[in-house]
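Before any comments, here is the structure.
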2 protein chains.
Amino acid sequence: MLRDDTMEMRTDIRASVQRLRQRTLVTEVRDELERMILNGEIRSGERLNEASLADQLGVSRSPVREAARSLEREGLVRTVANKGVFVRDLSLEEAAELYDLRAMIAGYLCGLAAKHADADAKTELGTFIARMDEAAACGDEQAYFGLNLEFHDYIATISGAGRAVALYSSLGKEVRLMRLRVLSGAESLALSNTEHKRIVAAIERGDADAARAEGGQHHTNGKRRLLETL
Amino acid sequence: MLRDDTMEMRTDIRASVQRLRQRTLVTEVRDELERMILNGEIRSGERLNEASLADQLGVSRSPVREAARSLEREGLVRTVANKGVFVRDLSLEEAAELYDLRAMIAGYLCGLAAKHADADAKTELGTFIARMDEAAACGDEQAYFGLNLEFHDYIATISGAGRAVALYSSLGKEVRLMRLRVLSGAESLALSNTEHKRIVAAIERGDADAARAEGGQHHTNGKRRLLETL
DNA sequence: CAGCAGAATAATGTTGACAATCTACAATCC
DNA sequence: GGATTGTAGATTGTCAACATTATTCTGCTG
């Protein structure tokens, strides 16, 4: 028992060290910039002033520069030579395309999840559904929004995919650039969760094709809701 | 007539300046590194030595660092803190996943191309097919390989998509990391071009659904061929 | 001789300074 | 008055030096 504990601690420490060791100023700044952009603290189209940000974050310009370049990977910014990096400004067409891409990849992930989900994963998915039902009943959009993100991330995790997961997450962030809350109103939340239930049902019975279709349809519906909002 | 000529020249110069203006040491180094990686001059798993590359290219480490980070966007390298950036080493599973993703996106692009292709585009597609037929008949794998890339890039262009095109191109480069020539042998080339013809036929008759299906299938067949090779 | 400290070496991370470029505004000319 | 040129300030691009971290080699100890 004692040995188990110490082993547990040791692996914990090792993991923690591993994590800390991977952190560097660039990653730190990167995360902070990403947060600022997604929170709208830096608005769409705005320039990321290297000197100002470096000063603000207490580092030199180099880490800021590299972090900004790194954000390009997620499509959060675009770089113009000799002018700077700017927070991307999504047109409606671009947003619609992002939804299409996300729908395809989400379907792919749901299909894989149906193949790979074990009993624990299925239980966890059920828990997510229940919690989102609760949030929907309370009309707590904030909570539902967070749970929704976690739910889809969880499906991505159990899919066992690599690049597709990263892509899905990246496209998700890109979409959030629009800063437009599609899910609003209790009935909208409930409807969204109905679709979640269909996805989970398909995953639970291991029906990959159905899971793929439901996952894709859920995101396509999201695109339709977005377009209807405008 | 004279006026037309000078106008023509002026726009040429303007475009050229515009292009040069966007070039900077970072982009220059980035392209060179990409070339080196895709040509296998830097092998999979190998580290990109900043100082050595900087020396070799006659620049300081900063542009090399940024260029290397920029290559991360295309998944050509992975960065490990305090250890460096390494050319990605694709496992078979990862490669298969890349093929799946590419198949989905290619299908998406073919579907859009079927909707947006004008008469000129259709003619151009026909030309590609003819040229690839010729290369296949001669068994010129090198030429077929290049034409194949151009053909798919052209479809991506006429699709009118934005992010999806970039993604498709990026995944294409990633796949090339394997440095495995799937297309070999005259019959293989001819078979591949048969599939191209089905795609072009669907685009020519404006059948988006069929184009999507054919485009996806073509890439899925590529994945199958890859897996059979091993 | 295996294995392990510890120094030496080499690489990356970070910084501040300088060069090149862009932007905005004022002075000039027609 | 309007357009154009020139100049000053701000911003990005690049560089070389220093700090920190990883790797390798060496010599010691059992």
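Letters go in sequence order (proteins before strands), and every chain restarts at 1.
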Which listed nucleotide (C:dC18, C:dT14, C:dG13) is nearest to the side chain of A:Pro63? C:dT14

Is the phosphate of C:dA10, meaning OP1 or OP2, less than 4.0 Å from a side-chain N or O of B:Asn49? no

Report yes if a side-chain nitrogen or oxygen of B:Ser62 is closer than 4.0 Å to either non-bridging phosphate oxygen (OP1 or OP2) of D:dT14; otherwise report no. no

Roughly, in whole Å, what's the span from CG in B:Leu48 to P in C:dG13? 12 Å

Distance check: side-chain N/O of B:Arg65 vs OP1/OP2 of C:dG13, anything under 4.0 Å? yes

What is the distance, rounded to the nearest whole Å, between atom CD of B:Glu66 and atom P of C:dT12? 16 Å

side-chain N/O A:Lys83 vs D:dG13 OP1/OP2, d < 4.0 Å: no

Rounding to an integer number of Å, can you tell me how far A:Arg69 CZ sits from C:dG13 P? 17 Å

What is the distance, to the nearest angstrom, from the CG atom on A:Asp55 to the C1' atom on D:dT12? 16 Å

Hydrogens and angles aside, do A:Ser159 and A:Tyr108 bring a side-chain donor and acceptor to less than 3.5 Å of each other? no

List in chain and number order the residues that pass side chain to side chain donor-acceptor pair (under 3.5 Å) with A:Lys83, two or more places apart in sequence or in another chain; answer none if no residue qualifies. none

Within the structure shown, what part of the strands sits under 4.0 Å from B:Arg47 by heavy-atom distance: base, sugar-phosphate, or nothing? sugar-phosphate

B:Glu66/B:Arg30 ion pair, N-O < 4.0 Å: no

Would you name the heavy atoms of A:Gly162 and B:Glu97 that are closest together and state the gap between them? N-OE1, 2.8 Å

Out of D:dT23, C:dC22, C:dA17, whichever nucleotide has its closest atom nearest the side chain of A:Asn82: C:dC22

